[in-house]
Visitor: 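Structure below; questions to follow.
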Amino acid sequence: MLILLKYLEYFGGYHSKSKLSQVQLLTLNQYEAIDYLPPHTTIYLEHITNPSFRSESLSWVITALIGIFTGALGFLVYEFVAAISQFKWGIVDKLGHHLSMFIWLVCFGTFFAFLSSFCVVVIRPAAFGSGVPEIIGYLNGTVVKHIFNIRTMMVKFFSNVFAVGSGLPVGPEGPMIHMGLDYNKN
């Protein structure tokens with residue numbers, strides 16, 4: 001904890017006008033915390049204060065590629081959902097009776113909701129949920145098996161398409177964040 005406070009003071013992230021006393025520092029050092037920060041070496045401090053053009057440009061290129069890929073995945077999700085909705089409502093237009101329309105919509109929604117659930121439960125249980133809590137847990141130091149790999153990304157993609165296409169009150173935003181991180185980790 002002492003290293004964290006010194007790091008924050010060094011880089012100006014510690015916004016308290018009062019300094020911690022030795023007693024307070026000893027009290028804080030009794031608690032264990034995850035070290036989010038990289039080791040404080042002279043090479044690392046030099047890298048932060050004087051980044052090279054190559055490392056800066058490479059990080060921007062990687063960030064742009066991840067953004068482009070995640071945007072392409074989002075485009076595909078919306079196109080697949082639009083195709084499913086167009087098929088669903090195209091059949092409704094051809095049906096004449098209100099009861100048959102209702103039965104078709106219920107059966108269609110149930111089938112695609114079942115497909116979405118089946119993908120997650122049977123193929124890859126790690127793809128459950130929106131993925132945002134898993135990302136927050138990962139950033140806090142928790143490691144979950146199979147949460148960031150290509151199979152999880154594909155199951156989350158198709159499960160997301162089926163769930164949104166079925167008419168469930170869900171959106172693709174949270175899973176898109178998880179799929180973007182899956183791409184980044186692979």
Side-chain angles (χ1 to χ4, degrees), residues 13 31-38 56-186:
Y31 299 102
E32 185 178 341
I34 298 173
D35 187 13
Y36 297 104
L37 305 172
E56 286 290 316
S57 60
L58 184 62
S59 66
W60 279 104
V61 167
I62 290 171
T63 303
L65 289 174
I66 291 169
I68 289 168
F69 179 78
T70 306
L73 274 178
F75 175 76
L76 287 175
V77 166
Y78 283 111
E79 286 298 313
F80 284 151
V81 168
I84 290 171
S85 295
Q86 188 176 16
F87 174 73
K88 174 174 66 173
W89 294 110
I91 298 293
V92 167
D93 287 341
K94 294 177 184 175
L95 297 174
H97 196 269
H98 292 293
L99 182 61
S100 61
M101 288 181 199
F102 177 75
I103 291 172
W104 165 252
L105 290 174
V106 168
C107 291
F108 187 88
T110 304
F111 175 71
F112 274 95
F114 172 76
L115 275 179
S116 175
S117 301
F118 181 81
C119 288
V120 173
V121 171
V122 174
I123 300 172
R124 181 61 88 182
F128 70 94
S130 70
V132 175
E134 289 84 3
I135 292 170
I136 292 170
Y138 174 75
L139 292 175
N140 284 325
T142 305
V143 178
V144 180
K145 289 178 81 173
H146 308 296
I147 200 72
F148 300 121
N149 61 24
I150 194 73
R151 190 171 173 191
T152 304
M153 183 178 70
M154 295 306 295
V155 168
K156 188 165 282 282
F157 175 81
F158 287 110
S159 175
N160 188 14
V161 167
F162 295 149
V164 175
S166 72
L168 290 173
V170 295
E173 293 81 13
M176 286 304 305
I177 295 169
H178 189 193
M179 286 187 276
L181 187 62
D182 281 344
Y183 174 72
N184 181 30
K185 293 298 284 183
N186 292 315

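Position 1 is the first residue of the sequence, and the numbers go up from there. Small disclaimer: the values here were computed from a predicted structure and weren't measured.
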Visitor: Can you tell me how far the CG atom of L73 sits from the CD1 atom of I68, to the nearest 0.5 Å?
Guide: 12.5 Å
Visitor: So do N160 and V77 actually touch side chain to side chain, heavy atoms under 4.5 Å?
Guide: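 V77 reaches N160 side chain to side chain.
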Visitor: Can you see which heavy atom on S100 is nearest to which on G96, and at what distance?
Guide: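 It is OG-N, 4.5 Å.
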Visitor: Write down the atom of V81, the atom of G165, and the distance for their closest heavy-atom approach.
Guide: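 It is CG2-N, 4.2 Å.
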Visitor: State, with a plain yes or no, whether a side-chain heavy atom of H146 is found less than 4.5 Å away from one of R151.
Guide: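 In short, these two side chains do not touch, never coming nearer than 4.5 Å.
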Visitor: Which of parallel (below 30°), tilted (30 to 60°) and perpendicular (above 60°) describes F108 and F87?
Guide: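 Geometry flag for F87 against F108: tilted rings.
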Visitor: Rounded to the nearest 0.5 Å, what separates atom OG in S116 from atom CZ in F111?
Guide: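 Separation between the atoms: 11.5 Å.
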Visitor: At what distance, to the nearest 0.5 angstrom, does CZ of F112 lie from CD1 of I84?
Guide: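 Rounded to the nearest 0.5 Å, the CZ-CD1 separation comes to 4.5 Å.
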Visitor: State, yes or no, whether a side-chain contact exists between F158 and V120 at a heavy-atom distance under 4.5 Å.
Guide: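 A side-chain contact is absent here, since even the closest heavy-atom pair is not under 4.5 Å.
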Visitor: If we only count heavy atoms from C-beta on, is the F148 to T152 side-chain gap below 4.5 Å?
Guide: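 Side chain of F148 against side chain of T152, heavy atoms only: no contact under 4.5 Å found.
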Visitor: Looking at every non-hydrogen atom in both residues, tell me the closest pair between T110 and V106 and how far apart they are.
Guide: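 Taking every non-hydrogen atom into account, OG1-O, 2.7 Å.
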Visitor: Taking atom CD of E79 and atom CD of Q86, what is their separation to the nearest 0.5 Å?
Guide: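 Rounded to the nearest 0.5 Å, the CD-CD separation comes to 10.0 Å.
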Visitor: Quick check against the 3.5 Å criterion: does T70 have a side-chain atom that pairs as donor or acceptor with the backbone of G67?
Guide: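 No; judged by distance alone, with no hydrogens or angles, the pair does not exist.
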Visitor: Is there side-chain contact between F80 and F157, with at least one heavy-atom pair below 4.5 Å?
Guide: yes
Visitor: Can you see which heavy atom on A113 is nearest to which on L168, and at what distance?
Guide: CB-CD1, 4.0 Å
Visitor: Is there a donor-acceptor pair under 3.5 Å between the side chain of K156 and the backbone N or O of G129?
Guide: yes
